[in-house]
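Reading through the structure tokens given below for one structure.
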Amino acid sequence: MGEVFYVTTPIYYVNDMPHIGTAYTTVAADAVARYQRLKGRRVFFLTGTDEHGQKVAQAAAERNQNPQDWADSMVPHFKETWRILNISNDDFIRTTDNRHTKVAQVFIQKLKDKGDIYLGTYEGWYCVYDESFLLSSQIVDGGCPECRRPVEWVKEENYFFRLSKYADRVLKHIEENPDFVQPESRRNEVISFIKSGLSDQSISRTSFTWGIPLPFDARHVMYVWFDALLNYISAIDFGSNMKRFEEIWPADLHLVGKEILRFHAIIWPAMLFAAELPLPKRIFAHGWLTVEGQKMSKSLGNVIAPKELVDEYGADAYRYYFLREFSFGIDGNFSRRTLLGRYNAELANDLGNLSSRVLTMVMKYRDGIVPEPKASGAEENRLREIIPEILAKLDVKMAALAFNEALSAVWDLVHALNRYVDVSAPWSIASDPSKKKELDTILYTSLEGLRILALLIYPFMPETGRKIWERTGMSEKITQARIPEAANWGALRPGSKIVTGEPLFPRKPE
RNA sequence: GGCGGUGUAGCUCAGCGGUAGAGCACACGGUUCAUACCCGUGGGGUCACAGGUUCGAAUCCUGUCACCGCUACCA
């Protein structure tokens, strides 16, 4: 079971356009997926959209559209955003897909048959926007404590899921598996929340119809969260192709924002226990992004679309910035100043310039032909020795989802290469025929270092990794390369032809 | 109110019992292959504050202040 490395993003709610917060999760998931593929794992990387619920129905009604048309019109914005960010998802699930609604119905029927779902009545306050029931004590100034919108008094018949029945099992699982919910601070919050007592969850609605009908009572539609969580199994053919399902499930990693951790860490495991399915191996809640020190919100008008930044900096610089600047588990602040600063200092000056200077010298001194290296000296050995260390560190940091530290480790190689070139000073011996072998060795070593660097960069910046790889004269595709083998010294063949090109990251004015 | 976290160089943060660290910014030196880039060196911190434990505390304990998260409750 679960031979495939299965990584997921949340499915994004179609009422909002994708923004840098949405993309943050997806970019991180993509780096994980690409890194695992680079290591030779079979990977299944899933993202998608969450399309049911009252909010969608209302948004559609405001535009005189039916909900399906409205959702259909929103989905391309997500797909396009993932395309321009070079996201390598293997599938895109929509909760309005037939394959999803079928699975959701099969799943809920199974729980009903088991007696884990019962009919009850709810009377109380309800926030339409958040689709959540509220205690009167939670009401703040007559509004929802979360979104501040007015609340409604409702009385309706609902089906309930016996969450309370599984509370102890979920708690035990979280306590016995320290890696199940991360980071630790979030795990502690989840534990204390469960300990404070869980009540059964209302999982159906009758006040509107935009949802998946309950197979055992067509007057009800499924509560949007119950529906949404099931995307993780509907996309991999639960119930219809169990062979495939078992190859992929359980998920190795659910990446979520901190605001939806509770659904993933409590309700989802309880649902899986009820269905007698294995639990995901790990749920990681990342932090939120502020923009120039302020919470990102429509009312403040500071919501940033990824496209805006990609148009200016390119997809790879975008990806690099968001993975390098922030510590994944905690909140971070996006600012134009730090984006520009990292772009110029780390991408243009450090990496781009390194690539230029090495390739230019090979072109200039050896007509673009990869030279045959001779005996390694102390500086060559020093450079070569750090590569296994960096590989090891990269692996540890990627396992911890510490993308910023992983990239920092990769940049150790960038700096080491720049230092190597300086110390070796190939330009000082370029015109001395008696130093030909020495120059050959320096140029080969620089190129080979650059080639390996391309490989390590690839999960984070796929286009840049590919370009550098090809420019160093590698004819094999980087997509076929695997670490650690491809990171072994000496794969670059003397006699190959290197390629120069436009600067990878042209410096931008401050 | 309860539980938890954070407070370290101008900025962002790492360190979490053994002589204060990184990157950026700043200053100086080297170099000229390269995207006016790279490499090296340096200045800069009573590690929030006050007590305590210890041979020794940024690191452990207690208290205070500030900010943050989760949660509860009163009106």
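By convention in this document, chain letters (A, B, ...) are assigned in the order of the sequence lines, proteins followed by strands, and residues within each chain are numbered from 1.
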Please produce a list of atom pairs where a protein N or O lies less than 3.5 Å from an N or O of nucleotides 7-14 of chain B.
none

Q. So, the side chain of A:D227 versus the backbone of A:Y223: is there a donor-acceptor pair under 3.5 Å, distance only?
A. no
Q) Does B:rC38 have OP1 or OP2 sitting under 4.0 Å from an N or O in the side chain of A:N349? A) yes
Q | Below 4.0 Å: OP1/OP2 of B:rC38 and any side-chain N or O of A:H415 | A | no
Q. If you find the nucleotide of RNA chain B closest to A:L351 and the one closest to A:E189, which residue's nucleotide is nearer the 5' end?
A. A:L351
Q. Do A:H19 and A:Y12 get their side chains close enough for a donor-acceptor pair, meaning under 3.5 Å?
A. no
Q: Provide, to the nearest angstrom, the distance between the CD1 atom belonging to A:I442 and the P atom belonging to B:rC38.
A: 21 Å
(Q) Using a heavy-atom cut-off of 4.0 Å across all strands, would you classify A:P426 as base, sugar-phosphate, or nothing? (A) nothing
Q: Evaluate the ring planes of A:Y232 and A:W268, with Trp represented by its six-membered ring, and classify them as parallel (under 30°), tilted (30 to 60°) or perpendicular (over 60°).
A: tilted
Q: Answer with yes or no whether the side chains of A:R282 and A:Q182 bring together a donor and an acceptor at under 3.5 Å.
A: yes
(Q) Between A:E189 and A:K195 (salt bridge meaning N to carboxylate O under 4.0 Å), is one present in this structure? (A) no
Q) Between A:R357 and B:rU35, is there a side-chain N or O to OP1/OP2 distance below 4.0 Å? A) no
Q | A:E346 and A:Y320: side chain donor to acceptor below 3.5 Å | A | yes
Q.
Categorize A:G352 for me: base, sugar-phosphate, or nothing, with a 4.0 angstrom heavy-atom threshold over every strand shown.
A. base
(Q) side-chain hydrogen bond (donor to acceptor under 3.5 Å, both in side chains) for A:S376 and A:R384? Distances and angles first, verdict last. (A) CA-CA 10 Å; A:S376 286; A:R384 287 168 60 167; 3.3 Å; yes
Q: Starting from the 5' end of RNA chain B, give me the residue, A:M361 or A:K258, whose nearest nucleotide shows up first.
A: A:M361
(Q) Requiring both pairing distances under 3.5 angstrom, list the stems that contain RNA chain B and are made of three or more consecutive Watson-Crick or G-U pairs. (A) B:1-7 with B:65-71, B:10-13 with B:21-24, B:26-30 with B:38-42, B:48-52 with B:60-64
(Q) Does B:rC3 have its OP1 or OP2 closer than 4.0 Å to a side-chain nitrogen or oxygen of A:K195? (A) no
Q: Using a 4.0 Å heavy-atom cut-off across all strands, classify A:R419 as base, sugar-phosphate, or nothing.
A: sugar-phosphate
Q.
Ring-plane angle category for A:W225 and A:F263, please: parallel below 30°, perpendicular beyond 60°, tilted otherwise.
A. parallel
Q | Atom-pair distance (NZ on A:K364; C1' on B:rU32), nearest Å | A | 10 Å
Q | From CA spacing to verdict: side-chain contact (heavy atoms from CB on, under 4.5 Å), A:F328, A:N404 | A | CA-CA 8 Å; A:F328 195 56; A:N404 57 336; over 6 Å; no
Q) Using a cut-off of 4.0 Å on non-hydrogen atoms, how would the nucleic acid contact of A:T360 be classed: base, sugar-phosphate, or nothing? A) sugar-phosphate
**Q.** Sugar-phosphate only, base, or nothing, as touched by A:L504 at under 4.0 Å among non-hydrogen atoms
**A.** base
Q: Report the distance from atom CD of A:E346 to atom C1' of B:rG23, rounded to the nearest whole Å.
A: 8 Å
